[in-house]
Protein chains: 2
Amino acid sequence: MPKDTFFNLPDEKRQRVIDAAIDEFAERSFHEARVTAIAEGAGIAMGSFYQYFEDKKDLFKYIIELIVKEKLAYINQDMMANMQNYGFFQLLREIYSRGLRFAKERPRLLAIGLSLTNNEALYHEVYGDHVQTSDDFFRKLLAKGIADGDLDPTIDPILVARLLTMLNYALADFVYEDGKLDLDDMEIIDKMLNLIENGIKNRAAALGGC
Amino acid sequence: MPKDTFFNLPDEKRQRVIDAAIDEFAERSFHEARVTAIAEGAGIAMGSFYQYFEDKKDLFKYIIELIVKEKLAYINQDMMANMQNYGFFQLLREIYSRGLRFAKERPRLLAIGLSLTNNEALYHEVYGDHVQTSDDFFRKLLAKGIADGDLDPTIDPILVARLLTMLNYALADFVYEDGKLDLDDMEIIDKMLNLIENGIKNRAAALGGC
DNA sequence: GATTCATATGAAGCTCCATTCACATGATAT
DNA sequence: ATATCATGTGAATGGAGCTTCATATGAATC
């Protein structure tokens, strides 16, 4: 947790520190990121940095906290409230589309988030035990989908939840590689959803008899 | 490229160096990995290390080269030769199952490979341009599957290739988290394939009329 | 205007490594 | 046995970067 001195800072200066930190952590892993670069980027003295934070990790945890808050704001806004009104695939479409928007609008935040998932030790230190994972969320969604009759009841919710999470990551990945795919965002999402909904098997032959 | 002195080493000693390097790179990112730990692990003097390698990166690239060779051996063996005899989903099942076996039998190699995909700069330095990606491979497979009539011809092969790659990663991920899923390997793979083949929509209702 | 308190500063101090160096060792050739 | 060559060694060297420290600045209070 940053010290009081940090929160007492004028908004503009505090924001400069946050921005500089996001820049550095987005470019380099936690271990590679340099406190000196952050201080310089924010236009503060090295000594000041340690007036504001215990150490580098203290700042990093704070930044992660901000990212989580912001991401949840993107995903959650009103959606959970109206959850009952939508079918499974509508909800999934909404989740993916909001996740993609977050990735496009805050690519540096996305990069930091991804870098954290690649560092297990740090990940646990940041989140402790109460890891409200993306998996948990999808599991609940799947349970509801099965209960509502939208989904094949024989699927394994734990496995599928993980797969949906991974596909969500895949989506974010496309953002980094512009031009790889000549599609607009909703088109990508709809094609992904089509895979999730129907698979990729050729049904034309099989359904001939219907 | 390691120096001649390295390749002139007795096999046993050369292997000790390779093993020590794999241990260290599997535990820590390239940047965090310590030459001192590798030298100590291999039972050689620091000076010797620099008789064998230009620097830390020289060794790292060599290790990656070994990993790629070994992984290809797992995946490729005879399979590509018999490709024509199998349908798309049989091939995919085979690929996933071999990938999973590699992950289970060589978890440290898997970890190093994953860590490399998380470091774009290093990744490009190691592979240069001729990045024979997993994507390319799946694209060809998909093209064949469509040509053979196994797959829905309206899918987007580029997008789906990426999704199949990500699902392959997801599979490897499960290996790390034992117990999360109470299934044996082939069961996981078959459930994944079922998602890919048929999606997760509940067809019972829709097919009632058939 | 002196004291106190909070904050600012950048130059040390320190630790951790990668890399180098000056000096063995030991084999092979002369 | 001496010279030459390849290899081995671990103690310097040096740089990078986190953290601390001694000292300023400046506002608020007495």
Side-chain angles (χ1 to χ4, degrees), chain A residues 1-64 115 119 121-122 125-126, chain B residues 1-64 115 119 121-122 125-126:
Chain A
M1 183 69 84
K3 301 177 183 174
D4 286 343
T5 47
F6 177 66
F7 294 110
N8 293 340
L9 248 32
D11 287 357
E12 190 272 332
K13 190 171 186 181
R14 183 150 29 79
Q15 197 56 47
R16 275 201 335 259
V17 175
I18 292 171
D19 288 342
I22 288 174
D23 281 345
E24 181 70 1
F25 287 131
E27 289 297 326
R28 314 170 92 102
S29 70
F30 171 74
H31 188 264
E32 287 170 278
R34 299 150 305 172
V35 173
T36 52
I38 295 171
E40 191 181 347
I44 62 173
M46 281 303 286
S48 298
F49 182 94
Y50 288 89
Q51 302 276 19
Y52 305 152
F53 308 102
E54 293 298 334
D55 52 24
K56 183 164 74 159
K57 195 177 290 172
D58 186 31
L59 167 59
F60 185 75
K61 287 183 184 175
Y62 175 68
I63 295 292
I64 292 293
S115 85
N119 187 334
L122 196 57
E125 196 163 351
V126 169
Chain B
M1 183 69 85
K3 300 176 183 176
D4 287 343
T5 49
F6 178 67
F7 294 110
N8 293 339
L9 248 32
D11 286 357
E12 191 271 334
K13 188 172 186 178
R14 183 149 29 80
Q15 196 57 46
R16 277 203 331 261
V17 175
I18 292 172
D19 288 341
I22 289 175
D23 281 343
E24 181 70 3
F25 287 131
E27 288 298 324
R28 317 171 90 102
S29 71
F30 170 75
H31 188 260
E32 288 169 278
R34 299 150 305 172
V35 173
T36 52
I38 295 171
E40 190 182 347
I44 62 172
M46 281 303 289
S48 299
F49 183 94
Y50 287 90
Q51 302 276 17
Y52 306 150
F53 308 102
E54 293 298 336
D55 52 25
K56 183 163 75 159
K57 194 177 290 173
D58 186 30
L59 167 60
F60 185 74
K61 286 183 186 176
Y62 175 69
I63 295 291
I64 291 294
S115 85
N119 187 333
L122 196 58
E125 195 164 352
V126 169

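Hydrogens, waters and symmetry mates play no part in the numbers below; they use all other heavy atoms, side chains included. In the text below, chain A, chain B and the rest are named by the order of the sequence lines, each starting its count at 1.
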Hey, can you tell me if B:Tyr62 and B:Phe7 have their rings parallel, tilted or perpendicular (30° and 60° cut-offs)?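 The arrangement is perpendicular - the two ring planes meet at more than 60°.
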Salt bridge (charged side-chain N to carboxylate O under 4.0 Å, His left out) contacts touching residues 33-48 of chain A (sequence neighbours left out):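 For residues 33-48 of chain A, and leaving out neighbouring residues, the salt bridge (charged side-chain N to carboxylate O under 4.0 Å, His left out) pairs sorted by first residue read A:Glu24-A:Arg34.
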Would you tabulate the pairs of protein nitrogen or oxygen atoms and nucleotide nitrogen or oxygen atoms of nucleotides 13-18 of chain D closer than 3.5 angstrom?
unit_1: D:dC18; atom_1: OP1; unit_2: A:Ala33; atom_2: O; d: 3.0
unit_1: D:dC18; atom_1: OP1; unit_2: A:Val35; atom_2: N; d: 3.3
unit_1: D:dC18; atom_1: OP2; unit_2: A:Val35; atom_2: N; d: 2.8
unit_1: D:dC18; atom_1: OP2; unit_2: A:Thr36; atom_2: N; d: 3.4

Integer-rounded Å distance: [N] [atom2] and [X] [atom1]:
X	N	atom1	atom2	answer
B:Glu40	D:dT9	CD	C1'	15 Å
B:Phe60	C:dC17	CZ	P	18 Å
B:Leu59	C:dA18	CG	P	11 Å
B:Arg14	D:dG8	CZ	C1'	17 Å
A:Phe49	D:dT19	CZ	P	8 Å
A:Ile44	D:dT19	CD1	P	14 Å

So which protein nitrogen or oxygen atoms get under 3.5 Å of nucleotides 24-29 of chain D's nitrogens or oxygens?
none

Hey, can you pull the residues of residues 18-25 of chain A with a non-hydrogen atom under 4.0 angstrom from DNA chain C?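 Listed by number, there are none.
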With the criterion being N/O to N/O and under 3.5 Å, what pairs connect the protein with nucleotides 3-7 of chain C, and how long is each?
unit_1: C:dT7; atom_1: OP1; unit_2: A:Asn8; atom_2: ND2; d: 3.0

Could you grab the distance from atom CG of A:Asp55 to atom CZ of A:Phe60, nearest 0.5 Å is fine?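 So the CG of A:Asp55 and the CZ of A:Phe60 are separated by 12.5 Å.
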Please report the shortest heavy-atom distance between A:Phe30 and A:Leu122, naming the atom on each side.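 Between these two residues, the closest heavy atoms are CB-CD2, 3.5 Å.
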Can you see which heavy atom on A:Met46 is nearest to which on A:Val35, and at what distance?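 That would be CE-CG1, 3.8 Å.
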For a quick test of your reading: what N or O donor-acceptor pairs under 3.5 Å do the side chains of residues 9-23 of chain B make, sequence neighbours left out?
unit_1: B:Asp11; atom_1: OD1; unit_2: B:Arg14; atom_2: NH2; d: 2.6
unit_1: B:Glu12; atom_1: OE1; unit_2: B:Arg16; atom_2: NH1; d: 2.9
unit_1: B:Glu12; atom_1: OE2; unit_2: B:Arg16; atom_2: NH1; d: 3.4
unit_1: B:Arg14; atom_1: NE; unit_2: B:Phe6; atom_2: O; d: 3.4
unit_1: B:Arg14; atom_1: NH2; unit_2: B:Leu9; atom_2: O; d: 3.4
unit_1: B:Gln15; atom_1: NE2; unit_2: B:Asp19; atom_2: OD1; d: 3.3
unit_1: B:Arg16; atom_1: NE; unit_2: B:Ala42; atom_2: O; d: 2.9
unit_1: B:Arg16; atom_1: NH2; unit_2: B:Ala42; atom_2: O; d: 3.2
unit_1: B:Asp23; atom_1: OD1; unit_2: B:Arg108; atom_2: NH1; d: 2.1

Residue pair B:Pro2 / B:Leu59, side-chain heavy-atom distance below 4.5 Å: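 Answer no - side chains too far apart.
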Heavy-atom side-chain contact between B:Thr36 and B:Phe49 under 4.5 Å: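 B:Thr36 does not reach B:Phe49 side chain to side chain.
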Among pairs that include at least one residue of residues 42-53 of chain B, which meet side chain to side chain donor-acceptor pair (under 3.5 Å), considering only residues two or more places apart or in two chains?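 Of all non-adjacent pairs touching residues 42-53 of chain B, none passes side chain to side chain donor-acceptor pair (under 3.5 Å).
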Return the set of residues passing side chain to side chain donor-acceptor pair (under 3.5 Å) with [X] (not counting sequence neighbours), or none when no residue passes.
X	answer
B:Glu125	B:Lys57
A:Glu54	none
B:Ser29	B:Glu32

Net bend of the helix from C:dG1-D:dC30 to C:dT30-D:dA1, end axes of five pairs each, nearest 10 degrees: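 Answer rounded to 10°: the end axes differ by 20°.
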Taking only residues two or more places apart in sequence or in another chain, which ones pass side chain to side chain contact (heavy atoms under 4.5 Å, CB included) with A:Ser115?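 Result, side chain to side chain contact (heavy atoms under 4.5 Å, CB included) vs A:Ser115: none returned.
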